[in-house]
Trainee: 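Sharing a structure here in structure tokens format.
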There are 2 protein chains.
Amino acid sequence: MRARLRAEMTDEIKAIARRHLATEGANLSLRAVARDLGVVSSAIYRYFPSRDELLTALIIDAYDALGGAVEAAEGAVDRADLTGRFLAVCHAVRDWALANPHEYALIYGSPVPGYAAPTGTVTSALRSVTVLGGIIEDASVAGVLRDDAQLPADAAEDVARVGSIVAPSAPLGPLSRALGSWLQLFGFVSFELFGQFRNAVDVPGPLFAQQMRAQAAYIGLPTA
Amino acid sequence: MRARLRAEMTDEIKAIARRHLATEGANLSLRAVARDLGVVSSAIYRYFPSRDELLTALIIDAYDALGGAVEAAEGAVDRADLTGRFLAVCHAVRDWALANPHEYALIYGSPVPGYAAPTGTVTSALRSVTVLGGIIEDASVAGVLRDDAQLPADAAEDVARVGSIVAPSAPLGPLSRALGSWLQLFGFVSFELFGQFRNAVDVPGPLFAQQMRAQAAYIGLPTA
DNA sequence: CCGCTGTCAAGAGCAGTGCTCTCGGTATGC
DNA sequence: GCATACCGAGAGCACTGCTCTTGACAGCGG
């Protein structure tokens with residue numbers, strides 16, 4: 001009963017903090033959210049031991065929101081349409097990032113203090129990449145991926161470790177290319193959101209669609 | 001004469017600010033650098049009208065440092081070794097980022113306030129990507145790039161605009177793949193520096209080398 | 001040589017920040 | 001019914017970016 005009030009309070013704090021994040025940026029002010037909540041600043045500390053803990057909670061929420069969006073978008077595509085599922089993942093990431101730019105910056109931008117992100121975030125952070133792994137895994141068991149890997153041993157070790165988490169039975173060649181696509185996807189979104197395309201790419205949407213389609217083909221997913 | 005003293009003073013401020021940036025992070029304190037400089041905080045304002053202006057100066061310096069490092073590394077490779085030049089660029093970016101993580105975060109992380117980066121930064125920001133463009137351009141005039149482009153018109157427009165700046169005579173297909181490699185390169189470095197590889201990639205070096213070699217081949221650069 | 005002008009650092013001060021501590025009040029559990 | 005635990009309010013500390021005023025010094029024209 002008292003616990004429910006407490007949960008509502010923390011949710012309300014996080015909601016206001018998220019709103020402040022959206023309007024101002026990463027420099028979140030505890031006193032400002034307390035003011036908006038009609039409460040004195042020290043009261044916030046009953047619910048979050050420090051500003052960094054609040055940010056960590058927002059980070060976990062952001063990872064979960066992104067993961068949920070990716071899962072929903074990918075889940076709506078016919079399971080047999082591997083390329084469609086891949087493209088759904090890519091566009092879900094970008095769409096969510098464009099809709100929540102500051103939350104994206106919170107999780108994929110420069111880490112704010114020294115290193116906030118504790119271990120509690122990793123499970124939520126894995127959700128979206130797990131979806132991609134599932135696609136590669138499904139493509140692997142469907143036998144549509146050609147294994148043309150000739151990776152050096154040290155690099156193969158890294159790829160294999162990633163694969164063991166998200167796509168255990170996928171061959172290393174396509175897995176390595178999928179990893180590259182993942183990096184390119186977030187490189188694109190980060191460049192777009194952080195203003196690196198200034199004076200170079202005006203309307204990034206079509207370019208993004210083309211790049212991701214090319215990546216699907218490069219990985220070896222069947223051209224739908 | 002008085003101007004030279006002034007230049008030395010601004011250089012010293014920037015040097016101390018850079019040192020603070022390296023030890024603490026992005027939240028640079030004007031009062032702290034003033035303290036280290038043995039001067040009162042308001043004196044800094046004689047040289048930089050605001051903290052954001054100081055950050056902007058550091059950003060421009062960082063872009064120039066990265067650009068210089070890339071130019072030097074690429075210039076040391078035999079001009080005919082196109083793949084070697086490409087790999088030199090990739091590794092120069094990563095090496096510089098690993099050596100100056102906070103300055104990398106300053107220019108390729110989330111923009112600190114609303115939007116600091118003014119127009120003065122773009123010329124410095126273009127230096128590194130121009131080097132890559134030169135490689136693609138050289139490969140194009142050498143006739144080693146196969147033009148297998150079938151880009152949709154809207155995406156082709158974006159690619160062509162980028163190409164007109166850095167590699168005017170390159171065909172759109174390889175240019176589009178080179179753009180993707182550029183995004184993947186910075187996606188990799190950002191993931192590595194910002195802790196996104198946690199529990200997944202322990203020793204990113206070999207993986208990076210393999211990914212960039214694969215990209216060189218994918219673009220169509222001759223396998224040395 | 002005097003005096004004017006422009007530049008500089010110092011210091012005080014304002015509004016804001018994260019965070020700690022104490023002090024009453026209230027609800028929960030025994 | 002009472003002890004315990006929690007809660008919000010408020011004061012306070014050390015810090016921040018930034019502004020303003022004050023006094024000192026250098027260079028130049030007369």
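Hydrogens, waters and symmetry mates are skipped; everything else that's a heavy atom, side chains included, is used. Numbered from 1 within each chain, the chains take letters A, B, ... in sequence-line order.
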Trainee: Is the backbone of B:V122 close enough, under 3.5 Å, to the side chain of A:R198 for a donor and an acceptor to pair up by distance?
Mentor: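 Checked: no pair found.
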Trainee: Can you give one letter per nucleotide of nucleotides 16-22 of chain C, going 5' to 3': B for a protein heavy atom under 4.0 Å from the base, S for sugar-phosphate only, - for none?
Mentor: -BBBBBB
Trainee: Identify, with sequence neighbours excluded, every residue that meets side-chain hydrogen bond (donor to acceptor under 3.5 Å, both in side chains) alongside A:D154.
Mentor: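 side-chain hydrogen bond (donor to acceptor under 3.5 Å, both in side chains) list for A:D154, sorted by chain: empty.
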Trainee: Can you measure B:L37 atom CG to C:dC8 atom C1' for me and round it to whole angstrom units?
Mentor: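 Rounded to the whole Å, the gap is 14 Å.
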Trainee: Aromatic rings B:F186 and B:Y104: how do their planes relate, parallel, tilted or perpendicular, breaks at 30° and 60°?
Mentor: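 Judged by the thresholds at 30° and 60°, the geometry between B:F186 and B:Y104 is parallel.
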Trainee: What are the two closest heavy atoms between B:F86 and B:S181, and how far apart are they?
Mentor: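 Heavy-atom minimum between the residues: CZ-CB, 4.1 Å.
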Trainee: If I take atom CD in residue B:E53 and atom P in nucleotide D:dT19, what distance separates them, rounded to the nearest angstrom?
Mentor: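 Answer to the nearest Å: 12 Å.
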Trainee: Rounded to the nearest angstrom, tell me the gap between atom CD1 in A:I44 and atom P in D:dC7.
Mentor: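 My rounded result for the distance is 13 Å.
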Trainee: Could you pull out all residues at least two apart from A:R46 that satisfy side-chain contact (heavy atoms from CB on, under 4.5 Å)?
Mentor: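 Per chain and number, A:R46 pairs via side-chain contact (heavy atoms from CB on, under 4.5 Å) with no residue.
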Trainee: Using atom CG of A:L5 as one end and atom C1' of D:dC6 as the other, report the distance to the nearest whole Å.
Mentor: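 The distance from CG of A:L5 to C1' of D:dC6 comes to 12 Å, rounded to the nearest Å.
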Trainee: Any residue in residues 12-23 of chain A with a heavy atom nearer than 4.0 angstrom to DNA chain C? Just list them by number, or reply none.
Mentor: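 Contacts with DNA chain C under 4.0 Å: none.
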Trainee: Sort and list the pairs that fulfil salt bridge (charged side-chain N to carboxylate O under 4.0 Å, His left out) and have at least one residue in residues 83-98 of chain B, not counting sequence neighbours.
Mentor: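 Listed by first then second residue: B:E74-B:R85, B:R85-B:D138, B:R94-B:E192.
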Trainee: Looking at the rings of B:Y108 and A:F194, which for Trp means the six-membered one, are their centres under 6.0 Å apart?
Mentor: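 No: the rings miss the under 6.0 Å criterion.
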Trainee: Compare the minimum distances between each of C:dC8, D:dC7, D:dA9 and the side chain of A:Y47, then state the nucleotide with the smallest one.
Mentor: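 Per side-chain heavy atoms of A:Y47, the pick is D:dC7.
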Trainee: For residues 11-20 of chain A, which residue pairs qualify under salt bridge (charged side-chain N to carboxylate O under 4.0 Å, His left out), counting only residues two or more places apart or in two chains?
Mentor: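 Output for this query lists A:K14-A:D61, A:R18-A:D61, A:R19-A:D36.
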Trainee: For A:V40, which contact category applies under a 4.0 Å heavy-atom criterion: base, sugar-phosphate, or nothing?
Mentor: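 Result for A:V40 = base.
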Trainee: Starting from C1' on D:dG17, measure out to CG on B:N27 and report it in whole angstrom.
Mentor: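 Answer to the nearest Å: 13 Å.
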